[in-house]
Amino acid sequence: MAQAVVPAMQCQMGKPSVRARPAAASAGGRVWGVRRAARGTSGFKVLALGPETTGVVQRMNQLLDMDTTPFTDKIIAEYIWVGGSGLDIRSKSRTISKPVEDPSELPKWNYDGSSTGQAPGEDSEVILYPQAIFKDPFRGGNNILVVCDTYTPQGEPIPTNKRHRAAQIFSDPKVSSQVPWFGIEQEYTLMQRDVNWPLGWPVGGYPGPQGPYYCAVGSDKSFGRDIADAHYKACLYAGVEISGTNGEVMPGQWEYQVGPSVGIDAGDHIWISRYLLERITEQAGVVLTLDPKPIQGDWNGAGCHTNYSTKAMREDGGFEVIKKAILNLSLRHDLHISEYGEGNERRLTGLHETASISDFSWGVANRGCSIRVGRDTEAKGKGYLEDRRPASNMDPYTVTALLAETTLLWEPTLEAEAVAAKKLSINV
């Protein structure tokens with residue numbers, strides 16, 4: 001029987017001269033862990049090296065590892081944006097004359113939107129607005145990754161620009177005063193490149209049933225750990241608020257957690273973490289998929305569970321605020337489902353730790369519900385809720401903004417609230 005081949009990888013991390021942490025930024029944007037005047041540091045890389053490695057490859061690696069800071073003040077900025085499908089990530093590089101401290105110091109840029117499905121050929125220019133900066137773990141030095149959103153030449157956000165609307169919601173005083181926290185659990189599946197089959201699975205066949213793979217160790221149970229670890233370190237280097245990672249229930253599937261992040265930062269950090277993961281899997285010769293149900297049958301799907309709290313939820317008496325939020329979420333269930341990712345109906349079946357896509361439910365410590373409340377939150381009377389409905393391919397700007405809008409800005413009628421409270425057995 002044919003077997004999956006997992007390429008051996010070498011990982012190198014340049015030691016940063018400052019800690020990867022958020023730096024001060026103006027109200028116009030975010031800067032994450034940008035080095036101010038560091039010199040002589042190499043970048044982060046993942047290489048899939050085989051027996052065909054030659055001196056040519058080694059010389060190319062020397063150029064890739066070259067630190068340019070002793071020779072020039074110029075830096076490379078990688079402008080990153082979301083493409084026309086709403087799932088694809090695009091990027092291109094430009095030279096900046098000197099290191100920058102805030103996105104407002106960076107120029108706007110443009111690209112051919114007709115080649116990304118975001119503009120017609122006869123009027124194809126789309127403008128990139130820099131919004132957040134992260135350190136570049138691939139190039140090292142003072143080089144940066146720049147999260148951008150997308151506009152017409154007239155300054156109007158294009159339809160795939162979900163960040164613009166999210167920023168409006170998070171800037172509303174009713175929202176910002178509540179300091180909304182998000183902790184997002186991004187699940188993903190690693191696929192063998194030429195056969196579209198999970199990493200570690202026999203080609204055309206199946207591994208043993210689920211059970212031994214969750215948080216497992218061992219070459220017969222864990223597939224892709226080097227990629228997950230490389231991604232973890234790249235996120236830390238870049239300044240992403242990554243808080244953990246683990247192997248998932250289905251073999252070849254992994255999860256990492258980002259947060260707690262406040263407001264719009266949650267979306268910025270998830271998108272840049274996805275970009276880093278795409279780059280690492282690209283170098284490793286493995287395909288990343290965020291499909292919410294990559295393998296049909298008795299296998300877990302992939303979600304993007306979103307943990308959420310407000311200031312009122314985190315304070316004494318917060319459990320009552322959480323229950324009120326759950327009522328609001330129940331009354332807008334269909335709206336949320338419509339925005340929670342493509343193909344989610346294949347995942348939300350009521351099986352494999354999911355609730356049915358058609359029915360809203362909540363419970364304490366129940367992973368088969370739409371909304372889960374932890375035992376610790378119940379015991380303390382304050383804390384957070386977990387929305388388990390978002391698919392792995394959800395847009396984090398849309399999901400986080402919708403949670404804030406539904407729980408902080410939208411008010412149901414008293415009659416609708418009473419009906420929902422009775423149905424869900426919630427007293428508020």
- prompt: Is the backbone of Pro198 close enough, under 3.5 Å, to the side chain of Gln192 for a donor and an acceptor to pair up by distance?
  reply: yes
- prompt: Side chains of Arg90 and Thr116: donor-acceptor distance under 3.5 Å anywhere?
  reply: no
- prompt: Is there a donor-acceptor contact under 3.5 Å from the side chain of Asn393 to the main chain of Glu342?
  reply: yes
message: Taking CD in Glu415 as the centre, count heavy atoms belonging to other residues, nucleotides or ligands within less than 6.0 Å. Is the count above 12?
response: no
- prompt: How close do Gln210 and Asn300 get, heavy atom to heavy atom, and via which atoms?
  reply: OE1-N, 2.7 Å
query: Taking all non-hydrogen atoms of both residues, which atom of Ser361 and which atom of Ala355 are closest, and how far apart?
result: OG-CB, 4.0 Å
- request: Check for a donor-acceptor pair, side chain of Glu405 on one end and backbone N or O of Trp410 on the other, with a separation under 3.5 Å.
  value: no
query: Hey, what's the ring geometry for Phe360 with His333, parallel, tilted or perpendicular (30° and 60° as the breaks)?
result: perpendicular
query: Which pair of heavy atoms, one from Lys174 and one from Ser177, lies closest together, and at what distance?
result: O-OG, 3.5 Å
- request: Determine yes or no for a side-chain-to-main-chain donor-acceptor pair under 3.5 angstrom, with Glu105 supplying the side chain and Glu101 the backbone.
  value: yes
- request: Assign the ring pair Tyr256 / Tyr188 to parallel, tilted or perpendicular, where the plane angle (0 to 90°) is split at 30° and 60°.
  value: tilted
- prompt: Between Arg139 and Ser93, does any side-chain donor sit less than 3.5 Å from a side-chain acceptor?
  reply: yes
message: Less than 6.0 angstrom separating the ring centers of Tyr213 and Trp254, yes or no?
response: no
query: Which atom pair, heavy atoms only, marks the closest approach of Glu241 to Pro260?
result: OE1-O, 3.5 Å
field: Donor + acceptor pair across side chains of Gln118, Thr160 (<3.5 Å)
entry: yes
- prompt: Just by distance, do the side chain of Gln186 and the backbone of Ser392 share a donor-acceptor pair under 3.5 Å?
  reply: yes
query: Going by distance alone, is a donor N or O of one side chain under 3.5 Å from an acceptor N or O of the other, for Asp149 and Gln131?
result: yes
- prompt: If you take all heavy atoms of Asp67 and Gly141, which pair is closest and at what distance?
  reply: OD1-CA, 4.5 Å
Pairwise side-chain contact, Leu329 with Arg389, heavy-atom cut-off 4.5 Å (strictly under): yes
query: Using a distance-only test with no angle check, is there a side-chain donor-acceptor pair under 3.5 angstrom linking Asn143 and Glu78?
result: no
query: Looking at Asp387 and Pro390, what are the two nearest heavy atoms and their distance?
result: O-CD, 3.3 Å
query: For residues Thr406 and His336, is any side-chain donor paired with an opposing acceptor at under 3.5 Å?
result: yes
message: Given 3.5 Å as the limit, does a donor-acceptor pair link the side chain of Lys293 with the main chain of Trp299, or not?
response: yes
message: Does anything in residues 82-122 form a ring-ring contact (aromatic ring centres under 6.0 Å, His included)? List the pairs, not counting sequence neighbours.
response: Tyr79-Trp109, Trp81-Tyr111
- request: Show the numbers, then the answer: is there a ring-ring contact (aromatic ring centres under 6.0 Å, His included) between Phe134 and His269?
  value: CA-CA 9 Å; Phe134 295 81; His269 283 239; 5.0 Å; yes
task: Look at the side chain of Thr281 and the backbone N and O of Glu278, then say whether any donor-acceptor pair between them is shorter than 3.5 Å.
output: yes
task: Decide whether a cation-pi geometry holds between Lys323 and Phe319; the criteria are a distance under 6.0 Å from NZ or CZ to the six-membered ring centre and an angle within 45° of the ring axis.
output: yes
- request: Say whether, by atom type as modelled, one donor and one acceptor occur between the side chain of Arg346 and the main chain of Pro294 under 3.5 angstrom.
  value: no
Check: Ser309 main-chain N/O paired with Arg314 side-chain donor or acceptor under 3.5 Å: yes
query: Going by heavy atoms in the side chains, are Thr398 and Tyr340 under 4.5 Å from each other?
result: no
- prompt: Counting N and O atoms only, with roles assigned by atom type, does the side chain of Asn344 sit under 3.5 Å from a partner on the main chain of Gly341, one being a donor and the other an acceptor?
  reply: no
